[in-house]
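Protein chains get the first letters and strands the later ones, always in sequence-line order, with residue 1 at the start of each.
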2 protein chains.
Amino acid sequence: MNAFRLPVGPPSAERADAARNREHLLKVAREMISESGVRRLTMDALAERAQLGKGTVFRRFGSRAGIFAALLDDADRTFQQQVLYGPPPLGPGADVTARLVAYGRARIEFLLEHHAIERAALDRNQQVTIAAGGMSTTHIRMLLGQARREGLLHTADIDSLAMQLAAALEGPFVMYLAPEENATAGPARRAVALADSWESLVEQVLKVQ
Amino acid sequence: MNAFRLPVGPPSAERADAARNREHLLKVAREMISESGVRRLTMDALAERAQLGKGTVFRRFGSRAGIFAALLDDADRTFQQQVLYGPPPLGPGADVTARLVAYGRARIEFLLEHHAIERAALDRNQQVTIAAGGMSTTHIRMLLGQARREGLLHTADIDSLAMQLAAALEGPFVMYLAPEENATAGPARRAVALADSWESLVEQVLKVQ
DNA sequence: ACCCCAAACGGACTTCACCCCGGATAGTAT
DNA sequence: ATACTATCCGGGGTGAAGTCCGTTTGGGGT
């Protein structure tokens with residue numbers, strides 16, 4: 001044997017069976033959610049239906065909220081792809097203001113779409129990632145940085161502003177709309193109003209006027 | 001007996017013993033929290049320490065989150081008093097921009113102070129009131145209305161803007177900071193930065209420049 | 001092919017929020 | 001004072017999240 005070896009090279013990926021189980025659990029979770037909603041997805045039920053032990057479910061996702069977070073992760077990744085590499089104005093190519101506006105509109109649509117899961121991913125014992133390292137904060141900060149370089153913005157503390165704008169964008173959905181609720185006209189109408197309001201907020205911050 | 005009587009006049013207040021128990025429970029809850037933090041306030045422990053049945057605790061507050069909400073209510077009321085009737089710039093008398101800025105700063109301080117309880121008052125099965133009918137949204141909307149009357153603002157949809165500003169103000173605290181966490185310099189420093197950022201955000205929205 | 005052990009698995013166990021409902025009681029009408 | 005009833009109280013019961021730890025297994029090393 002080697003006299004000396006580093007314990008791990010790369011942070012060591014999941015074992016094959018673990019990865020398989022993760023996928024399987026996510027698939028079953030999606031099924032259960034579309035059949036009977038977020039509320040009825042219990043850890044016991046999920047484990048049983050997936051033919052796995054409950055311990056396994058927890059090992060894979062850490063908590064009930066973790067399952068929803070993992071589910072969102074998928075969708076998020078797709079969304080992020082559009083933002084980073086898709087066509088303008090959402091993707092690169094348009095001017096900063098247009099991109100910020102487009103991002104807000106797209107993000108609102110996304111949040112409306114995944115609202116139930118988004119809510120379920122909240123965890124009483126865990127800080128929420130939305131405002132912190134969340135996609136919105138990061139992307140908005142990036143755009144604000146660009147805006148400042150272009151002289152559209154003179155704010156010193158871009159980090160704080162990014163966080164506040166991200167909260168302004170996502171907050172109303174995460175904090176306001178009811179858990180599962182009738183997805184009738186109500187939320188959708190409000191979403192349009194919020195999107196318009198976001199647009200004018202962005203324009204004021206970037207002093208387009 | 002009277003031939004006919006309305007079932008209730010005023011929404012019928014709490015019975016004396018019930019009110020007494022509520023106060024007592026809140027007092028004990030405050031003690032327990034300051035002794036060992038929010039996490040260890042369980043319904044069983046509270047009931048036992050208060051020498052009351054668990055059922056009573058639930059009857060009085062509805063849920064665990066309800067206790068924290070009731071606790072916050074006190075503090076909120078005091079805060080609101082300052083905002084409505086206190087000295088300017090927080091209270092009435094100063095110009096709109098100054099009042100908005102002052103409100104934000106005061107609110108941030110308040111949130112920082114009551115952060116642990118604020119988080120604990122969140123309830124997985126209940127929509128959050130912060131953005132909805134919350135004090136911040138209401139007060140900000142009022143000030144925005146005044147600003148519009150004074151020609152400082154031309155936004156049509158004041159409701160949406162109020163919600164977004166409230167989210168920008170409170171979101172970072174409710175969503176971002178960790179549950180109980182070390183109340184060291186970290187959060188406080190961030191709070192100052194956010195307060196400054198709030199000020200410049202308000203000034204831009206009210207186009208003071 | 002075999003060894004080895006870190007990682008994964010399973011499911012009983014613990015803890016806790018919340019429900020239920022029979023029994024007690026405060027406040028009111030007589 | 002007495003009776004009446006809406007409200008309250010108590011604490012055992014239930015369902016679900018999360019923990020623990022003994023057992024099993026994937027897969028790199030030899």
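- B:Ser63 is linked by a side chain to side chain contact (heavy atoms under 4.5 Å, CB included) to B:Ala65, B:Asp123, counting only residues two or more places apart in sequence or in another chain.
- OP1 or OP2 of C:dA17 sits under 4.0 Å from a side-chain N or O of B:Arg64.
- Taking atom CG on B:Leu46 and atom P on C:dC16, their separation rounds to 13 Å, with Å as the unit.
- With rounding to whole Å, A:Arg39 atom CZ is found 11 Å from D:dA16 atom P.
- Judged as a side chain to side chain contact (heavy atoms under 4.5 Å, CB included), and not counting sequence neighbours, the contacts of A:Ala19 are A:Glu14.
- Legend: salt bridge (Lys or Arg N to Asp or Glu O under 4.0 Å) pairs involving residues 76-86 of chain B, not counting sequence neighbours, sorted by first then second residue: B:Asp73-B:Arg77, B:Asp76-B:Arg107.
- Note: CZ (B:Arg15) to C1' (D:dC8) measures 5 Å, nearest angstrom.
- B:Asn21 places its CG atom 17 Å from the P atom of D:dT7, with the value rounded to the nearest Å.
- Distance CE (A:Met43) to C1' (C:dA17): 17 Å, rounded to an integer number of Å.
- Across the protein-nucleic acid pair, A:Phe68 atom CZ and D:dA17 atom C1' stand 13 Å apart, rounded to whole Å.
- B:Arg49 pairs by the salt bridge (charged side-chain N to carboxylate O under 4.0 Å, His left out) definition with B:Glu31, B:Glu35, not counting sequence neighbours.
- Taking only side-chain atoms of B:Asp17, from C-beta outward, the nucleotide of C:dA26, D:dG18, D:dG27 with the closest atom is C:dA26.
- For B:Leu25 and D:dC8, the CG to P distance is 13 Å, given to the nearest whole Å.
- Judged as a side chain to side chain contact (heavy atoms under 4.5 Å, CB included), and not counting sequence neighbours, A:Ala156 has no contacts.
- The six-membered or imidazole ring of B:His139 lies near that of B:Tyr103, with a centre-to-centre distance under 6.0 Å.
- Residues from residues 48-61 of chain B placing a heavy atom under 4.0 Å of any atom in DNA chain D, listed by number, are B:Leu52, B:Gly53, B:Lys54, B:Gly55, B:Thr56, B:Arg59, B:Arg60.
- Regarding A:Asp44, its CG atom lies at a distance of 7 Å from the P atom of D:dA17, rounded to whole Å.
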